[in-house]
**Student:** 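Let me give you the structure first, and then I'll get to my questions.
In this text, all values refer to a predicted model and were calculated from it rather than measured experimentally. Chain A is the first sequence line, chain B the second, and so forth, proteins listed ahead of strands; every chain is numbered from 1.
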Protein chains: 2
Amino acid sequence: MMTSVETDIHFDQQVAWLRALADPVRLKIVHLLAAEALCTCHLVDETGARQTNVSNHLRFLRDAGLVESEPHGRYTYHRLRPEAMNRLAQVVNQLADATHVVQSQNVRRPCP
Amino acid sequence: MMTSVETDIHFDQQVAWLRALADPVRLKIVHLLAAEALCTCHLVDETGARQTNVSNHLRFLRDAGLVESEPHGRYTYHRLRPEAMNRLAQVVNQLADATHVVQSQNVRRPCP
DNA sequence: TACTGATGTCATCATGCGCTGACACGTTAC
DNA sequence: GTAACGTGTCAGCGCATGATGACATCAGTA
């Protein structure tokens with residue numbers, strides 16, 4: 001049984017993940033990284049965004065826990081973190097599943 | 001084989017869904033609606049937000065295609081749209097699955 | 001060693017987002 | 001019919017977000 005603090009932390013984590021994905025450039029980056037690990041310069045080419053902007057977005061994604069980065073000489077490789085992507089998928093799946101139950105059984109709270 | 005236009009529409013739809021969920025109040029509303037259909041007044045009570053703010057958020061969720069609303073006398077019931085939640089879940093699942101492949105096979109693009 | 005290249009940090013700015021409150025409109029209760 | 005209630009729209013405001021460019025730092029090359 002989750003306490004209120006644990007629930008809040010988990011909820012805030014969900015918001016952070018979703019915010020991270022809610023920007024077009026960042027979502028594009030995540031789609032690209034879902035196919036292969038890439039350097040910043042690859043992401044700059046693929047997205048068409050300025051290098052500094054890509055760097056800012058990657059910072060955001062890292063802070064949200066979705067991406068990890070690793071220096072490789074003068075280059076930096078970025079990849080998605082599977083466990084974070086999994087947990088996000090779990091949340092969304094639970095919402096989608098619950099939505100079906102609510103609809104099929106027409107669950108609703110009575111009006112006051 | 002999707003054309004570029006179809007891809008863009010689909011991508012924009014993803015961004016719209018994610019933006020809809022990326023606000024704390026809206027995510028809270030979605031969690032609540034995943035449990036049961038609710039009136040605006042219920043959502044006002046549960047979220048603690050102003051009625052007009054809840055109304056604004058519901059407009060946003062409807063425009064994103066995640067929620068549908070239906071008048072019920074002086075009340076309005078809101079519910080999540082299962083097909084939209086499903087499609088969102090699919091997108092996130094695909095990203096999570098692909099992430100595992102990239103990691104287990106260490107797929108990466110060579111540096112320039 | 002000097003120069004080039006990749007990348008991240010910092011500061012700044014314009015725009016858009018989220019919140020608020022007045023108000024209009026439809027429904028319900030008396 | 002009138003008043004109360006529920007809700008959505010509109011307009012306005014303050015702040016956060018996303019983009020930009022200068023610059024610093026580190027790695028690679030000649």
Side-chain angles (χ1 to χ4, degrees), chain A residues 11-12 14-33 36-64 66-79 108-112, chain B residues 11-12 14-33 37-79 108-112:
Chain A
F11 182 80
D12 289 348
Q14 289 177 32
V15 174
W17 288 330
L18 292 159
R19 292 196 86 84
L21 297 176
D23 170 77
V25 176
R26 289 203 291 278
L27 183 59
K28 174 75 176 178
I29 288 173
V30 166
H31 272 287
L32 290 166
L33 293 180
E36 55 186 341
L38 294 163
C39 306
T40 313
C41 57
H42 295 140
L43 294 171
V44 170
D45 291 342
E46 296 281 351
T47 61
R50 301 291 164 85
Q51 176 270 315
T52 52
N53 198 14
V54 169
S55 205
N56 285 333
H57 284 309
L58 286 166
R59 159 100 274 155
F60 200 107
L61 288 164
R62 273 200 302 280
D63 289 346
L66 294 180
V67 165
E68 60 195 356
S69 311
E70 149 199 332
H72 190 79
R74 69 168 51 167
Y75 299 91
T76 305
Y77 266 108
H78 311 281
R79 73 188 74 257
R108 67 169 55 178
R109 185 184 301 183
C111 298
Chain B
F11 182 81
D12 290 346
Q14 289 177 33
V15 174
W17 287 332
L18 292 160
R19 292 197 84 87
L21 298 177
D23 172 76
V25 177
R26 287 202 293 277
L27 183 59
K28 175 74 176 178
I29 289 173
V30 166
H31 272 288
L32 290 167
L33 292 180
L38 294 163
C39 306
T40 312
C41 57
H42 295 139
L43 294 170
V44 170
D45 291 342
E46 296 281 351
T47 61
R50 301 291 164 82
Q51 175 269 316
T52 52
N53 199 13
V54 169
S55 206
N56 285 332
H57 283 308
L58 286 166
R59 160 98 277 157
F60 201 107
L61 288 164
R62 272 199 303 279
D63 289 347
L66 294 179
V67 164
E68 61 195 356
S69 311
E70 148 198 331
H72 190 79
R74 69 168 53 167
Y75 298 89
T76 307
Y77 266 109
H78 311 281
R79 72 187 77 256
R108 67 169 58 179
R109 184 184 302 183
C111 298

**Student:** Please work out which of the three classes, parallel, tilted or perpendicular, describes the rings of B:Y77 and B:H72, given edges at 30° and 60°.
**Tutor:** perpendicular
**Student:** When you measure from the side chain of B:H42 to the backbone of A:P110, do you find a donor-acceptor pair of N or O atoms at a distance under 3.5 Å?
**Tutor:** yes
**Student:** In whole angstrom, what separates A:D23's CG from D:dA16's C1'?
**Tutor:**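 Those two atoms, CG and C1', are 13 Å apart.
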**Student:** Let me know, please, whether A:R74 or A:N53 comes out on the 5' side of the other along DNA chain D by nearest nucleotide.
**Tutor:**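 Residue closer to the 5' terminus by nearest nucleotide: A:N53.
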**Student:** My understanding is that only residues two or more places apart in sequence, or in another chain, count here; which of them pass ring pair (Phe, Tyr, Trp, His ring centres under 6.0 Å) with A:F60?
**Tutor:**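 Per chain and number, A:F60 pairs via ring pair (Phe, Tyr, Trp, His ring centres under 6.0 Å) with no residue.
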**Student:** Heavy-atom nearest nucleotide on DNA chain D for B:L58 versus A:A22: which residue maps closer to 5'?
**Tutor:**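 Of the two residues, B:L58 wins.
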**Student:** Rounded to the nearest angstrom, tell me the gap between atom CD in B:E70 and atom P in D:dG6.
**Tutor:** 19 Å
**Student:** Expressed as a whole number of angstroms, how long is the span from B:L27:CG to C:dG18:C1'?
**Tutor:** 16 Å
**Student:** Among D:dT7, D:dA19, C:dT7, find the nucleotide with the atom closest to the side chain of A:C39.
**Tutor:** C:dT7
**Student:** From OH of B:Y75 over to P of D:dG8, roughly how many Å is that when rounded to an integer?
**Tutor:** 13 Å
**Student:** Does B:N56 get its side chain close enough to the base of C:dT20, under 3.5 Å, for a donor-acceptor pair?
**Tutor:**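 By the distance-only test, yes, there is a pair.
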**Student:** Using a 4.0 Å heavy-atom cut-off across all strands, classify B:T40 as base, sugar-phosphate, or nothing.
**Tutor:** sugar-phosphate
**Student:** Would you indicate, yes or no, if C:dC19 has its OP1 or OP2 atom less than 4.0 angstrom from a side-chain nitrogen or oxygen of B:T52?
**Tutor:**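 No.
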**Student:** Measure the distance from CG on A:L18 to P on C:dG18 and round it to the nearest whole Å.
**Tutor:** 13 Å
**Student:** State, to 0.1 Å, how close B:V54 and B:A49 come at their nearest heavy-atom pair, and which atoms those are.
**Tutor:** CG2-CB, 3.9 Å
**Student:** Heavy-atom nearest nucleotide on DNA chain C for B:G73 versus A:H78: which residue maps closer to 5'?
**Tutor:**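 The 5'-side residue here is A:H78.
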**Student:** Taking only side-chain nitrogens and oxygens of B:R59, does any of them come within less than 4.0 Å of OP1 or OP2 of D:dT9?
**Tutor:**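 Checking D:dT9 against B:R59, a side-chain N or O does come within under 4.0 Å of OP1 or OP2.
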**Student:** Round to a whole Å and report the spacing from NE2 of A:H42 to C1' of C:dT7.
**Tutor:**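 Atom NE2 in A:H42 sits about 14 Å away from atom C1' in C:dT7.
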**Student:** Taking any heavy-atom pair under 4.0 Å as a contact, classify A:V25: base, sugar-phosphate, or nothing.
**Tutor:** sugar-phosphate
**Student:** Between D:dA19 and A:H57, is there an OP1 or OP2 to side-chain N/O distance shorter than 4.0 Å?
**Tutor:**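 For D:dA19, OP1 or OP2 has a side-chain N or O of A:H57 closer than 4.0 Å.
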**Student:** To the nearest angstrom, how far is A:H72 atom NE2 from C:dA6 atom C1'?
**Tutor:** 13 Å
**Student:** Roughly, in whole Å, what's the span from CD in A:Q51 to C1' in C:dG8?
**Tutor:**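 Computing the A:Q51:CD to C:dG8:C1' distance gives 7 Å.
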**Student:** Classify A:R26 by what it touches in the nucleic acid, base, sugar-phosphate, or nothing, heavy-atom distance under 4.0 Å.
**Tutor:**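 Counting heavy atoms under 4.0 Å across all strands, the contact made by A:R26 is with sugar-phosphate only.
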**Student:** Any side-chain to backbone donor/acceptor pair from A:R26 onto A:A20? Under 3.5 Å, distance only.
**Tutor:** yes
**Student:** So which pairs with a foot in residues 52-66 of chain B pass salt bridge (charged side-chain N to carboxylate O under 4.0 Å, His left out), sequence neighbours left out?
**Tutor:**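 Those involving residues 52-66 of chain B are B:R59-B:D63.
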**Student:** Looking at B:T76, I'd like to know whether one of its side-chain N or O atoms comes within less than 4.0 Å of OP1 or OP2 on D:dG6.
**Tutor:**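 So the side chain of B:T76 is outside the cut-off, no N or O lying under 4.0 Å from OP1 or OP2 of D:dG6.
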**Student:** Are OP1 or OP2 of D:dG18 and a side-chain N or O of A:R50 less than 4.0 angstrom apart?
**Tutor:** no
